[in-house]
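When a ligand or atom number is given, it counts from 1 through the structure's own listing order. Numbering of residues begins at 1 and proceeds along the displayed sequence. Since the model is a prediction, treat every value here as computed from it, not as a measurement.
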Amino acid sequence: MLLPPPPPPSLYDPCKSQSFFSQCFINLGLLGRGSFGEVYKVLSLQDGQHYAIKRSVQRFRGDRDRQRSVREARNHERLCPHPHILGFKAAWEERGHLYIQTELCCTSLLIHTEAQPHNPAESVAWAYLSDLLSALQHLHSRGFVHLDLKPANVFLTRSGRLKLGDFGLLLELTGDRRGQPGGKEREDREEGQEGDPRYMAPELLRGEYTPAADVFSLGVSILELACNMEVPKGGDGWQQLRQGSLPSEFVNGLSGDLQSVLRMMLSPDPSKRATVPQLLALPVVRRQRWRRQVSLLLTESLLFLFSLCQTVLSTARGLLASVRLPFLTARAPSVPCTPPRDSWEKDGDCSTPPFSFSYNDTESLVEDVVFFPEEMGPDYSPTLPHRSKSPIFVSGTSTPHPKTQNQQPTATQTHSPVLNWIRPEPCLRPTFEPKNLLGLFDETALEGQS
Ligand SMILES: Nc1ncnc2c1ncn2[C@@H]1O[C@H](COP(=O)(O)OP(=O)(O)OP(=O)(O)O)[C@@H](O)[C@H]1O
Ligand SMILES: [Mg+2]
Ligand SMILES: [Mg+2]
């Protein structure tokens, strides 16, 4: 693989009033919203790549709130890269907001399946199950539990590969706590940080946080996707699903194999529920995973060849143009392929759309919205966004969060120069002192105790 070109010497100037976000990224529009924040598609001016940046909408309400938000970034950073885990790039805290920069995907599994006109074929459900079992295997074998697994927190790449994301409720089960009801962890959960009730395992209500809870949530998600059914939020339907009774009017259409795997995953007793390694060892699951891997390999190879051809073609076109141009146009002006440096470096230009953002307690960057057709894939970049008078509505897929309020932006300007880094950025000026997130987390933990 080619190494990325070295980053430009310095994009971020801490002396300027614009945030790191507006100095170093072009905001290409809103991708989605959750209870924690808003997610934007961005173009990094440092490496020319597209990313997703999740930004907490509300400023931290005290140390504990900040600690919880920082924990999401810290946990995501600690997860080693895996083909079915959303890639982490960086995270930083600035002016009371947390930013998490991740790999860009096309859409969430929820949005993707809702856009399909027909029930998915059973092979699609097996493919989803294979990918997400691999993701859970990665988390569980490292002592983590996700606790918020649902289609809205699963993302799709251009090849259709699933990536598990949103690590806001991720919990590390340490030492003898693995598989046991947590001590400190339980206190934190009691503050109202709970997953979506539709996918929640019954034992979570008793404070039992184990890997089995993720298996249950995955079972409900696959049931929802395979049967195109609306899973209940509460009431009798919710209870029945947690007593081991699957809705026959829906599951009767599934093969015996898929039905029995779902029953193993949805067992009401977490100690009798199949574990991820047990599920992966089932012959039917092994067969389906093998098929899935072959199909992903083929699709990704084809996509790779396609983009290689595109690169070769555009290079050839560029070469042709450079050979012909001197004869055709005597003094043709050079066309910049990236926004001209001074358009985002000049203070005045940074404060005009689409680069301007105001800073107050709950402000959103949602006005800089561009809608991305899903079929365009993550590489699709429209022309630079124009400020839309009526922002496009992007439906929320939030995990319920009791403390979240729909506050309107206030006019208060609260400029604070604080920018804390999770990991050092090579292109920052020497005057800038990056902080490692682990250090930041320890700091907040100490603050919380004092
Ligand atoms: N990397 C990404 N690529 C494409 N879309 C994304 C990406 N990350 C998030 N989104 C979109 O943004 C939405 C919200 O993201 P996410 O679930 O991470 O936010 P959240 O605030 O933590 O949500 P929750 O309320 O579930 O905790 C997703 O459902 C998805 O539509
Ligand atoms: Mg989410
Ligand atoms: Mg979340």
Q: In plain terms, say whether R33 and E38 are close enough for a salt bridge, that is, a side-chain N and a carboxylate O under 4.0 Å apart.
A: yes

Q) What do you reckon, does G168 put a non-hydrogen atom under 4.0 Å from ligand 1? A) no

Q) Less than 4.5 Å apart, any side-chain heavy atom of L79 and any of L170? A) yes

Q: Not counting sequence neighbours, which residues clear ring pair (Phe, Tyr, Trp, His ring centres under 6.0 Å) with F167? List them please.
A: H76, H146

Q.
Less than 4.0 Å is my threshold; does some heavy atom of G165 fall inside it relative to ligand 1?
A. no

Q: Using distance alone, determine whether K54 and ligand 1 share an N or O pair under 3.5 Å.
A: yes

(Q) Using a plain distance cutoff, I'd like to know if G37 has any nitrogen or oxygen under 3.5 Å from a nitrogen or oxygen of ligand 1. (A) yes

Q | Six-ring centre of W238, R242 cation under 6.0 angstrom, axis tolerance 45° | A | yes

Q.
Can you confirm whether R273 sits close enough to E203 that some side-chain heavy atom of one is under 4.5 Å from a side-chain heavy atom of the other?
A. yes

Q.
Is there a polar contact, in the sense of an N or O pair closer than 3.5 Å, between A152 and ligand 1?
A. yes

Q. Which ligand 1 atoms are under 4.0 Å away from a heavy-atom of T102?
A. 1 (N)

(Q) Run E103 and K163 through salt bridge (Lys or Arg N to Asp or Glu O under 4.0 Å) and show every step you take. (A) CA-CA 10 Å; E103 148 187 27; K163 303 239 172 180; 3.1 Å; yes

Q: For residues D131 and R292, report the shortest heavy-atom separation together with the two atoms involved.
A: OD2-NH2, 2.6 Å

Q. Taking heavy atoms and a distance under 4.0 Å, where does N153 meet ligand 1: side chain, backbone, both or neither?
A. side chain

(Q) Run K54 and T102 through side-chain contact (heavy atoms from CB on, under 4.5 Å) and show every step you take. (A) CA-CA 8 Å; K54 177 149 121 179; T102 63; over 6 Å; no

Q: Taking the side chain as every heavy atom from C-beta outward, state whether R66 and E93 have any atom pair closer than 4.5 Å.
A: yes

Q: Could you tell me which atoms of ligand 1, counted from 1 in the order shown, lie closer than 4.0 angstrom to a heavy atom of L86?
A: 1 (N)

Q) Going by an N to O cut-off under 4.0 Å, is there a salt bridge joining K89 and E77? A) no

Q.
Determine whether L162 and L164 satisfy the following criterion, side-chain contact (heavy atoms from CB on, under 4.5 Å), listing intermediate values before the conclusion.
A. CA-CA 7 Å; L162 299 193; L164 181 59; over 6 Å; no

Q | Contact check: E72 vs ligand 1, nitrogen or oxygen atoms, below 3.5 angstrom | A | no

Q: Below 4.0 angstrom from a heavy atom of I111, which ligand 1 atoms are there? Numbered from 1 as shown, please.
A: 31 (O)

Q.
Using a 3.5 Å cut-off on N or O atoms only, is C106 in polar contact with ligand 1?
A. no

(Q) Test your reading of the structure: does F36 have an N or O sitting under 3.5 Å from an N or O of ligand 1? (A) yes

Q) If you leave out waters, which protein N, O or S atoms are less than 2.8 Å from the Mg ion (ligand 3)? A) D166 OD1, D166 OD2

Q.
Just so I know, are the side chains of F21 and I53 near enough to count as touching, which here means a heavy-atom distance under 4.5 Å?
A. yes

**Q.** Sub-4.0 Å atoms of ligand 1 with respect to non-hydrogen atoms of A52
**A.** 1 (N), 2 (C)

